[in-house]
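Dropping the structure in here first, questions after.
Labels below follow one simple rule: chain letters A, B, ... track the order of the sequence lines, proteins then strands, and each chain is numbered from 1.
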Amino acid sequence: MKQLTVAGKVLTLLFAAVFLVACSSKDTKDDSAAADAAAAEAAARSAAERAALEDAAMAEQRLQDAVTAVGNVFYFDYDSSTLKPQAQAALDAHIELLRTNDRSVRLEGHTDERGTREYNMALGERRANTVRDYMVVNGIASFRIETVSYGEEQPIAYGSGEANWSQNRRVELK
Amino acid sequence: MKHLTAVLVATVVALATISARAELVIEITQGMDNPTAIAVVPFAWQGGGSAPEDVAQVIDNDLARSGQFDPVGRGDMLARPSTQQEVFYRDWRAINTEYVLIGRASVTGQVQMRIEYELFDVNRQARVLSGYEEGHVNEARMLAHRVADEVYETLTGIPGAFATRLLYVSVTRNPGGKDFYRLTLSDSDGARPIVLLESREPIMAPSWSPDGKHIAYVSFETSRPAIYRQELASGARVQLTNFRGLNGAPAWSPDGNSMAMVLSKDGNPDIYLMDLRTRELTQLTRHYAIDTEPTWMPDGRSILFTSDRGGRPQIYRYDLRTGATERLTYEGSYNARARVAQDGRNLVMVHQAGGQFHIALQDLVTNRLQILTSTDLDESPSIAPNGSMVLYGTKSGDRGILAAVSVDGGVKFRLPAREGDVREPAWSPYMSR
């Protein structure tokens, strides 16, 4: 899907370049001029093509890099489903990238081990829903987002104590 | 309190076909102050070859695990009678034994086992109980548990709950990959574990039908939580729900006809009731807060559940006839996942105190609250059908283990697995024979 979108943009730019070149070469008089024009046309075409490709690829890469830099895990405070500023900034990078494609995402909500398992299932769902709602408000269609809660069933860190717990209170974007 | 520091370790014998990982080991950590001294004399085996099961040892372990009995060691016995004629009270007075249980086991036909037993009161010099149990030889342990139930009831006035079973979830960690989850069925002493379901995705919330013939649980095997119902005898199972969001905490009604559950298909978690014949759903609670963990009052007229509608999780009661909801717990800022004893009076739950999660008991008549456990991260309490013990999940080091405490807090034992984590115990109702 991602590739198609980029290709689409490149094609559009390519057509535009060809059209411009075709217009400018309308009144050519002789063969050499025609040959020059053809060469210029080819050069312009390949330059435009390269530029378009580079621009799109770079833009895509920039967004992808931003997403890679922030990671796909958003952390929460104890017994809270409020999006923290850091998580919000990270999520913004994902939203930017998701706007350029039509990929579907799955948001998996998790909690630490404190509290009962079923209550934590509900808390994990609240966290996933918070992330979903933020994405929807920022223009990502809700049908592209699936949410599922795992409660405390799939910890990243098995031990107790805040150092472990803080790693487990999270929403993972997949 | 009498602390038995790992004095009694009942080792679980696994059948060859059974995953050794699911085995539980029982360690009694605290018994009663003045347990009754009882001698369970090895039963005479009246069949060919060796006895299929040490019936007396199973009974001995059951009574010891209750914390109310202090069984006499076999090495301390001055005699090993197996008939009334062979019982001499002076042999037992000499070692301060209050009761003596003797018996005989035999196999009739190829597979039918018969256990005869007699219980004597040493002080009164009288036989106080005699009887027999019969069944398939493969059920020898269950027959022994039934004898223990009879002895327990005769001496305490409370029906025994040894001839019952447990469900629990165990997890084997798989660093760098997906964990292995198992749903296991065992005897009440952890023996004879049978893996009912194995999955790379979480398994949760096992629960029993009131007749003990079916179970329900939540499995993520489709990559989303769904409630399943399974018949124990045949293994046949049905997926009951597949809604968007939470599909959790199945709880059978006492009449077996319907199931309370948590669904969040309409946006946030509420309690629903499913008619198990028509699969028709009725929404019971309707609140923007978290409503979860439904459990039935034994009379089937109301459902208790956890809700944070007051800001923090507390236990509420929903009256099925009037639709009225009342809050039941006020002490502490976290009370959740209630279970109610068959007497309808003792409510056990997870209670937070001093930052730790303990199992607490609230008397629904006096509303007095008693904290039963002193460990942290205690959860998922399940009450024995006779109301005497509470089984729950807790943590030991970084491993999940099962533990039990008597409803008066006086008796405690632990059931760690040989390997991996164990959690979410569900004690069966009395099993029909």
Side-chain angles (χ1 to χ4, degrees), chain A residues 76-82 104-133 136 142-169 171-174, chain B residues 169 171 173 175 178-179 181 201-205 218 220 222-225 244-249 261-262 264 267-270 289-294 305-308 312-313 333-338 349-350 352 355-357 376-381 393 395 397-400 421 423-424:
Chain A
F76 290 80
D77 286 333
Y78 175 56
D79 205 15
S80 162
S81 56
T82 307
S104 288
V105 296
R106 178 173 157 103
L107 299 170
E108 298 181 349
H110 300 267
T111 71
D112 67 30
E113 63 184 347
R114 288 174 291 173
T116 62
R117 290 180 181 274
E118 297 297 341
Y119 186 78
N120 280 337
M121 282 293 290
L123 183 58
E125 182 178 61
R126 265 188 189 169
R127 286 178 179 159
N129 287 349
T130 299
V131 174
R132 180 200 61 200
D133 293 347
V136 169
S142 60
F143 65 80
R144 294 173 61 190
I145 310 168
E146 182 193 19
T147 57
V148 63
S149 174
Y150 283 93
E152 63 178 280
E153 307 301 312
Q154 295 195 325
I156 293 284
Y158 286 99
S160 295
E162 183 55 26
N164 293 303
W165 290 332
S166 61
Q167 294 179 60
N168 295 334
R169 295 188 302 262
V171 168
E172 293 186 16
L173 187 153
K174 290 186 171 173
Chain B
V169 175
V171 185
R173 293 176 200 169
K178 283 190 165 182
D179 294 343
Y181 297 82
E201 302 293 337
I203 300 169
M204 292 180 75
V218 171
F220 283 65
T222 61
S223 86
R224 312 187 51 81
R244 200 169 63 86
L246 301 181
N247 294 252
M261 59 182 67
V262 179
S264 62
N268 74 304
D270 278 308
I290 291 173
D291 290 344
T292 186
E293 300 168 345
F305 64 98
T306 307
S307 177
D308 70 344
R312 301 283 301 154
S333 62
Y334 194 113
N335 291 297
R337 202 197 183 269
M349 61 193 169
V350 175
Q352 194 178 21
Q356 296 199 323
F357 292 91
D376 188 14
L377 297 168
D378 303 338
E379 61 180 10
S380 313
K395 235 179 160 191
D398 73 342
R399 283 181 65 200
D421 300 88
R423 58 173 70 146
E424 293 204 85

Which is it for B:Met204 and A:Tyr150 under the side-chain contact (heavy atoms from CB on, under 4.5 Å) test, yes or no, and what are the steps along the way?
CA-CA 10 Å; B:Met204 292 180 75; A:Tyr150 283 93; over 6 Å; no
Mind checking which of residues 109-119 of chain A sit less than 4.5 Å from chain B, heavy atom to heavy atom?
A:Glu113, A:Arg114, A:Gly115, A:Thr116, A:Arg117, A:Glu118, A:Tyr119
Residue part contacting chain B, namely of A:Glu108, when any heavy atom lies under 4.5 Å:
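For A:Glu108, neither part sits under 4.5 Å from chain B.
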When B:Gly248, B:Pro313, B:Ala205 are compared by non-hydrogen pairs under 4.5 Å with chain A, the top option
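Of the candidates given, the most pairs with chain A belong to B:Pro313.
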Show your reasoning for whether side-chain contact (heavy atoms from CB on, under 4.5 Å) applies to A:Glu152 and B:Arg423.
CA-CA 12 Å; A:Glu152 63 178 280; B:Arg423 58 173 70 146; over 6 Å; no
Give, as side chain, backbone, both or neither, the part of B:Lys178 having an atom under 4.5 angstrom from any heavy atom of chain A.
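Neither part, no heavy atoms under 4.5 Å.
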Heavy-atom distance under 4.5 Å to chain A: side chain of B:Arg399, backbone, both or neither?
neither
Select one option (side chain, backbone, both, neither) describing which atoms of B:Ile290 are under 4.5 Å from chain A's heavy atoms.
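Both backbone and side chain of B:Ile290 come within 4.5 Å of chain A.
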Crowded around B:Arg244 CZ? As in, over 12 foreign heavy atoms under 6.0 Å?
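12 or below, so no.
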Looking at B:Leu246 and A:Ala122, what are the two nearest heavy atoms and their distance?
CD1-CA, 3.8 Å
Side chain from CB out, backbone as N, CA, C, O: work out which of these in A:Ser160 comes under 4.5 Å of a heavy atom of chain B, or both, or neither.
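When you check distances to chain B, atoms from both the backbone and side chain of A:Ser160 fall under 4.5 Å.
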Residue part contacting chain A, namely of B:Gln356, when any heavy atom lies under 4.5 Å
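Looking at B:Gln356, nothing touches chain A.
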Counterpart residues, salt bridge (Lys or Arg N to Asp or Glu O under 4.0 Å), relative to B:Asp398 (two or more places apart)
B:Arg173
Considering all heavy atoms, the nearest B:Ser223-A:Arg106 contact
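Closest approach of B:Ser223 to A:Arg106: O-NH2, 2.8 Å.
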Highest number of heavy-atom pairs under 4.5 Å with chain A among B:Asp179, B:Asp421, B:Thr306 belongs to B:Asp179
